[in-house]
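Working notes, beginning with the structure itself.
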Amino acid sequence: MMKHTETTPDAIRRGVALLTVVLTLIPLTACASAGTTGMSAQTPMNASTIANATLPDHIVNGDFEAYTWRQLTGGQQEPGLGNWTSIDPATGASYVSSNNNHWSWKVTDWDNNRFAWASTQVKGASAEQRAGAVELQKEDDTNNIYAEITAAQAGTAIYQDINTASDTPVVYRVRLDHASISRTWLDKMQVLVGKPGEEQAVPMTRTSSNGNGDQTGETSDVIATTVSNQPQGCHSDGVICSARNHKGQWETYEGQVTIPAGQQVTRFTFLNKSSSSNNSGNLVDNIVFEKAYPLNYDANGGTLTQTPGSK
């Protein structure tokens, strides 16, 4: 006996519901089959992804020797007091004082990510005052390359932005070498760390002394190093000297700073606080920012714990 097809209102509603489900699944299946490798075009990049993709998680070129002096200057800034140059990080142009077209040389194999540094200097009236330029110098006796914070304007700073994305607070260890330009002036500087535009001074402890009267173990948010070398030039004692000679004059400073969880980008800044002029003072070298350890919270009691050595 033939069965009658069900045509009740309930059957009609069930049919409509089934059709709706099928129509919904069709576009989802098409999307899944369209591509299964890599990040889909519809996936937005969050702040952490962007930071990881564009910024290093450590200081780059902290010893300022990513390039040789010849690459930086083309050999045009070699003799005596000419051992200095300024680098324009936007273009790789190098300032050459002996050339009428001062910014004519471009650093060999220039890569801004390799150089990494920038400054707060703004465009000024003199040729040397190019926006963002960073001054480098080379020792006469050791050929060591280092940076001078006070390039061509008073109150300027050099800096780098670092990717510090983390789900937990992280303690960073800060270390650098510092020297005043000469014994005629006690240069002073600060290390500032924080969100770009919101940096705060970091207390720094002197961990090595050059024997000119400064004591190790002293902590301050202002770094000041006493040196014994004379100013650049020739002097009555017959000794030819220069502000480029700082062998044995450097002192080392260390500090710690806690970066809060979720802070994607942190700016590490080195600020000139006091120098004898607007174009000389505050030498820095061997700058290191490294993770000391993360800070963890006990889920049971909320107790802060430190795990030295963990990264």
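- For the pair A152 and Q129, the tightest heavy-atom approach, listed with the atom from each and the gap, is O-NE2, 2.9 Å.
- The two residues Q256 and A292 make their nearest non-hydrogen contact at NE2-CB, 4.2 Å.
- Once rounded to the nearest 0.5 Å, the distance linking CG of D57 with OG1 of T266 reads 11.5 Å.
- Counted by atom type alone, S119 and T156 present zero donor-acceptor pairs between their side chains at under 3.5 Å.
- H178 contributes no side-chain N or O that, together with a main-chain N or O of K188, makes up a donor-acceptor pair within less than 3.5 Å.
- Taking CD of E128 as the reference point, atom OG1 of T85 lies at 9.0 Å (rounded to 0.5 Å).
- Using a 3.5 Å distance cut-off with no hydrogens or angles, the side chains of N282 and S275 do not pair a donor with an acceptor.
- The side-chain heavy atoms of I87 and Y67, taken from C-beta on, include no pair separated by under 4.5 Å.
- Side-chain heavy atoms closer than 4.5 Å link hydrophobic residues (I, L, V, M, F, W, Y) into clusters, and following such links, possibly through other members, connects W110 to V134.
- Put simply, the side chain of Q71 gets close to the backbone of T68: a donor and an acceptor are under 3.5 Å apart.
- Not one N or O on the side chain of Q137 forms a donor-acceptor pair closer than 3.5 Å with the backbone of E148.
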Mind running side-chain contact (heavy atoms from CB on, under 4.5 Å) on S182 and N229 for me, showing each step along the way? CA-CA 5 Å; S182 76; N229 62 285; 4.0 Å; yes

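- Among pairs with a residue in residues 270-290, those fulfilling ring-ring contact (aromatic ring centres under 6.0 Å, His included) read W117-F270, F268-F289, F270-F289, at least two apart in sequence or across chains.
- Hydrophobic clustering (side-chain heavy atoms under 4.5 Å, transitive across Ile, Leu, Val, Met, Phe, Trp, Tyr) keeps V227 apart from M204.
- Test I59, T252, V284 against L176 for side chain to side chain contact (heavy atoms under 4.5 Å, CB included) and you get one pass: V284.
- With 3.5 Å as the limit, one finds a donor-acceptor pair spanning the side chains of D177 and N286.
- A donor-acceptor contact shorter than 3.5 Å is absent between the side chain of E198 and the backbone of G194.
- Q215 places a side-chain N or O within donor-acceptor distance of the main-chain N or O of G213, the cut-off being under 3.5 Å.
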Trace of the side-chain contact (heavy atoms from CB on, under 4.5 Å) decision for Y95 with D88:
CA-CA 8 Å; Y95 182 90; D88 180 352; over 6 Å; no

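- With a 6.0 Å radius and a threshold of 12 heavy atoms from other residues, nucleotides or ligands, E218 has its CD atom above the threshold.
- Between the side chain of N144 and the backbone N or O of Y146 there is no donor-acceptor pair closer than 3.5 Å.
- Shortest non-hydrogen contact noted between P89 and A133 is CD-CA, 4.1 Å.
- Following chains of ILVMFWY side-chain contacts shorter than 4.5 Å, one cannot reach L192 starting from I223, and the two form parts of different hydrophobic clusters.
- Checked by atom type and distance alone, the side chain of R206 pairs as donor or acceptor with a backbone atom of A224 at under 3.5 Å.
- Contact detail for H102 and A127: the closest heavy-atom pair is CD2-CB, 3.6 Å.
- Looking at S94, its side chain does come within 3.5 Å of a backbone N or O of L72 through a donor-acceptor pair.
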What's the verdict on side-chain contact (heavy atoms from CB on, under 4.5 Å) for R175 and Y253, showing C-alpha distance, side-chain angles and the deciding distance? CA-CA 6 Å; R175 184 172 68 251; Y253 298 81; over 6 Å; no

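- Closest approach of P231 and T184 over heavy atoms only: CG-CG2, 3.4 Å.
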Practice problem: Walk me through it: do W185 and S274 pass the test side-chain contact (heavy atoms from CB on, under 4.5 Å)? | Solution: CA-CA 9 Å; W185 189 272; S274 177; 3.3 Å; yes

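- Residues D187 and L283 are not in side-chain contact: their nearest non-hydrogen atoms beyond the backbone lie 4.5 Å or more apart.
- For the atom pair OG1 (T269) and CE (M189), the distance works out to 10.0 Å, reported to the nearest 0.5 Å.
- Across all their heavy atoms, I149 and L271 have their closest contact at CG2-C, 4.2 Å.
- In this structure, I287 and F64 have side chains that are in contact, with non-hydrogen atoms separated by less than 4.5 Å.
- Side-chain contact of Q249 with N212: a donor-acceptor pair under 3.5 Å is present, judged by distance alone.
- The side-chain heavy atoms of E290 and H58, taken from C-beta on, include no pair separated by under 4.5 Å.
- In this structure a side-chain-to-backbone donor-acceptor pair under 3.5 Å is missing from T216 to S209.
- Side-chain contact between D221 and Q190 is present, with at least one heavy-atom pair separated by less than 4.5 Å.
- Note on V60: it does not cluster hydrophobically with L55, by side-chain heavy-atom contacts below 4.5 Å among ILVMFWY residues.
- For the pair T91 and W103, the minimum side-chain heavy-atom distance is 4.5 Å or more.
- Atom CH2 in W69 sits 10.5 Å away from atom CG in N143 (nearest 0.5 Å).
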Do Q153 and Q121 pass the side chain to side chain donor-acceptor pair (under 3.5 Å) test, and can you show the C-alpha distance, the side-chain angles, and the key distance before you say yes or no?
-> CA-CA 7 Å; Q153 291 173 348; Q121 181 171 284; 5.2 Å; no

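- Within the 4.5 Å cutoff, the side chain of R114 has no heavy atoms near those of the N61 side chain.
- Put simply, the side chain of E251 gets close to the backbone of N210: a donor and an acceptor are under 3.5 Å apart.
- Side-chain atoms of D161 and R267, non-hydrogen and from C-beta on, do get closer than 4.5 Å to each other.
- Cluster membership check: Y159 does not share its hydrophobic cluster with V174, using side-chain heavy-atom separations under 4.5 Å among Ile, Leu, Val, Met, Phe, Trp and Tyr.
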